[in-house]
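In what follows, a structure is listed as structure tokens, so that the remarks can point back to it.
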Amino acid sequence: MNNAHYCSCIILAKGGFYSLRINKKNQCKEFYSYFHFVGQVKRHVKGAGDNAEIKPIYETTTTKTGKPRRVLQFDVLTNKYNKLKVELGGMEFESVTLYSSNAKKSYRIPWRDRHDKSKYPDPTYTIIGGTDWDNCELYGSLLAEGMWVEVKGKYEFGSYTNDEGKRYLTVKRKPTSIAAVADGQEITLRTKEKINYVCDFDNELFQEINNFNLEIGIKSVYQDDSRNTKVNGVFLANGKDRSVPQDVELMVYYKEPQPGKQSLADAFTKLNRLDFVEVRGVDNNRPEFAEVTEVTVIDDDPFAEVDEKEANTRKVISGNRKGLEVLSVVAGTAVKSLLTEEEIAEEQIGGFYDDDDFFKDEQPF
């Protein structure tokens, strides 16, 4: 979709005003998400063990109704061990929407004419972000195993229930921009800082680029004995009749604060149901390592009492860190009781629009 379908709502937040996106058609709030990764492309492996299947980066499949569907899927290694799946699927439609920022109007044309500029009302009209069908082919022709890329995009959240009735939340990383990266290339970070990216995980100058921005409503928060805080949030996605609430889980790991300050994990415990905040963080799918000391017991060891012995230590995987980890909040975005129970109700109403446009940029923070 495009800007023709959205307007902004200015809300009073701590420290100033905050601009929230409102759908003009249904007058519903819609939230913003964004991710930025740089890393190495790997083909995605579905399943494990004997059932493991290495998927092609790009393919055309057939739906149950016999329609063609293009699929793009691959993993991005943002560091040597952090592997994030990126995916995009697209189908053909009867028509496509053009938009002119000059005329502030949208215009629909037949799908077959989308690449024929002579069928456009005037040169100011365009397909904002392209179509998922065309982008799958475009990115599929670009990508190859082992190359380095910069990927920008947005999240889509969902869930599924297994045979035992247990519900699991899912995170889909949908790309809106993919570009090849060369060793030493200048990359602009979220902070506007520019770095020369090193395409070598083992180089001491390597710097991981992996961050996200996400607007969320609060359903509940829980802090464990380690003072790590789990945030049960809700993301309002665009829908045909009203916004579609999608559940999302985030973690805020406890870090000792500076004297006189509170930790971010503790601050999140002060949020209440229906509150709103924009967060920043890192997307995890990585093992955690720890060093263990191996002690070998030898009968009649002549060095058993010697202090200068060197301990035998090795690195082992101690666990896995997965999911969206909050590192900070965007200053002045926390708003009390912004949402209603109706807005965050779990009932899934309507379908989803493909919207590549981003509208952008007490409280315990």
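Predicted, not measured: the structure shown is a model, and the values here were computed from it.
Defined by atom type and a distance below 3.5 Å, a donor-acceptor pair is present between the side-chain atoms of D122 and T124. N23 and E30 share a donor-acceptor pair across their side chains, judged by distance under 3.5 Å alone. With no hydrogens or angles considered, a side-chain donor-acceptor pair links T97 and R108 at under 3.5 Å. With hydrogens and angles left out, the side-chain atoms of E137 and Y139 include no donor and acceptor closer than 3.5 Å.
Counting heavy atoms of neighbouring residues, nucleotides and ligands inside a 6.0 Å radius, atom OH of Y120 exceeds 12 of them. In the displayed structure, K172 atom NZ is contacted under 6.0 Å by more than 12 heavy atoms of other residues, nucleotides or ligands. Atom CD of E53 has more than 12 neighbouring heavy atoms from other residues, nucleotides or ligands inside a 6.0 Å radius. Around CD of E186, the count of heavy atoms belonging to other residues, nucleotides or ligands within 6.0 Å exceeds 12.
Rounded to the nearest 0.5 Å, atoms CG (N210) and CG (D283) are 6.0 Å apart. Taken from CG in N82 to NZ in K80, the straight-line distance is 14.0 Å, to the nearest 0.5 Å. Taken from CD in Q185 to CD1 in I195, the straight-line distance is 10.5 Å, to the nearest 0.5 Å. Atom OG of S33 and atom CD of E156 lie 8.0 Å apart (nearest 0.5 Å). If you take CZ on F74 and CZ on R43, they are separated by 13.5 Å, rounding to the nearest 0.5 Å. Note: I344 CD1 to I218 CD1 = 10.0 Å, rounded to the nearest 0.5 Å.
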Go through the steps to decide whether L72 and I178 satisfy the test side chain to side chain contact (heavy atoms under 4.5 Å, CB included), and finish with yes or no.
CA-CA 12 Å; L72 181 85; I178 301 177; 4.2 Å; yes
Go through V244 and L236 one step at a time and tell me if the side chain to side chain contact (heavy atoms under 4.5 Å, CB included) criterion holds.
CA-CA 5 Å; V244 180; L236 297 184; over 6 Å; no
What do the steps show when you test L20 against F31 for side chain to side chain contact (heavy atoms under 4.5 Å, CB included), and what is the final call?
CA-CA 7 Å; L20 193 68; F31 289 172; 4.1 Å; yes
Dump the intermediate steps for side chain to side chain contact (heavy atoms under 4.5 Å, CB included) on V277 and I216, then the final yes or no.
CA-CA 6 Å; V277 69; I216 57 167; 4.0 Å; yes
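Distance alone, capped at 3.5 Å, is enough to place a donor-acceptor pair between the N203 side chain and the L205 backbone. Side-chain N or O atoms of S100 include none that pairs as donor or acceptor with a backbone N or O of K105 at under 3.5 Å. Under a 3.5 Å cut-off, the side chain of R70 and the backbone N or O of W133 do form a donor-acceptor pair. A donor-acceptor pair is defined here as one N or O able to donate and one able to accept, closer than 3.5 Å; such a pair exists between the side chain of D275 and the backbone of S337.
The shortest distance between side-chain heavy atoms of Y155 and V171 falls below 4.5 Å. Residues V71 and K55 form no side-chain contact, since every pair of their non-hydrogen atoms from C-beta on lies 4.5 Å or further apart. Side-chain contact check for I187 versus H36: some heavy-atom pair is nearer than 4.5 Å. Q73 places a side-chain heavy atom less than 4.5 Å from the side chain of E59. Put simply, the side chain of Y253 reaches to within 4.5 Å of the side chain of E325, judged on heavy atoms. Residues T131 and W111 form a side-chain contact, since some pair of their non-hydrogen atoms from C-beta on lies under 4.5 Å apart. Under the 4.5 Å side-chain criterion, counting only non-hydrogen atoms from C-beta, K336 is in contact with N272. Residues D134 and R114 form a side-chain contact, since some pair of their non-hydrogen atoms from C-beta on lies under 4.5 Å apart.
Remark: R190 is not positioned above the aromatic ring of Y34, lacking an NZ or CZ atom under 6.0 angstrom from the ring centre and at most 45 degrees off the axis.
No chain of hydrophobic side-chain contacts below 4.5 Å, direct or via other Ile, Leu, Val, Met, Phe, Trp or Tyr residues, connects V198 to V181. Under the 4.5 Å side-chain contact rule for hydrophobic residues, M147 and L77 do not share a cluster. Linking ILVMFWY residues whenever their side-chain heavy atoms come closer than 4.5 Å, directly or via other members, leaves V41 and I209 in distinct clusters. Under the 4.5 Å side-chain heavy-atom criterion for Ile, Leu, Val, Met, Phe, Trp and Tyr, L264 and M251 are members of distinct hydrophobic clusters. Under the 4.5 Å side-chain heavy-atom criterion for grouping Ile, Leu, Val, Met, Phe, Trp and Tyr, I54 is not connected to Y58 through any hydrophobic cluster.
Of all heavy-atom pairs spanning F37 and R173, the tightest one is CE1-CD, 3.7 Å. Among all heavy-atom pairs drawn from E208 and F206, the shortest one is N-CE2, 3.7 Å. The two residues G153 and T176 come nearest to each other via the heavy atoms CA-OG1, 3.5 Å. In terms of heavy atoms, E343 sits closest to P245 at O-CB, 3.6 Å. Between N213 and E278, the shortest heavy-atom contact is ND2-OE2, 2.8 Å.
Using a cut-off of 4.0 Å between Lys/Arg side-chain N and Asp/Glu carboxylate O, E341 and R273 are scored as salt-bridged. K29 has no carboxylate O lying under 4.0 Å from a charged side-chain N of E215, or vice versa, which leaves the two without a salt bridge. Ion pairing of E249 with K230 is present here, as a side-chain N (NZ or NE/NH1/NH2) and a carboxylate O approach within less than 4.0 Å.
Aromatic ring centres of F235 and F157: separated by under 6.0 Å.
Between W148 and F201, the angle of the ring planes lies from 30° to 60°, which puts this pair in the tilted group.
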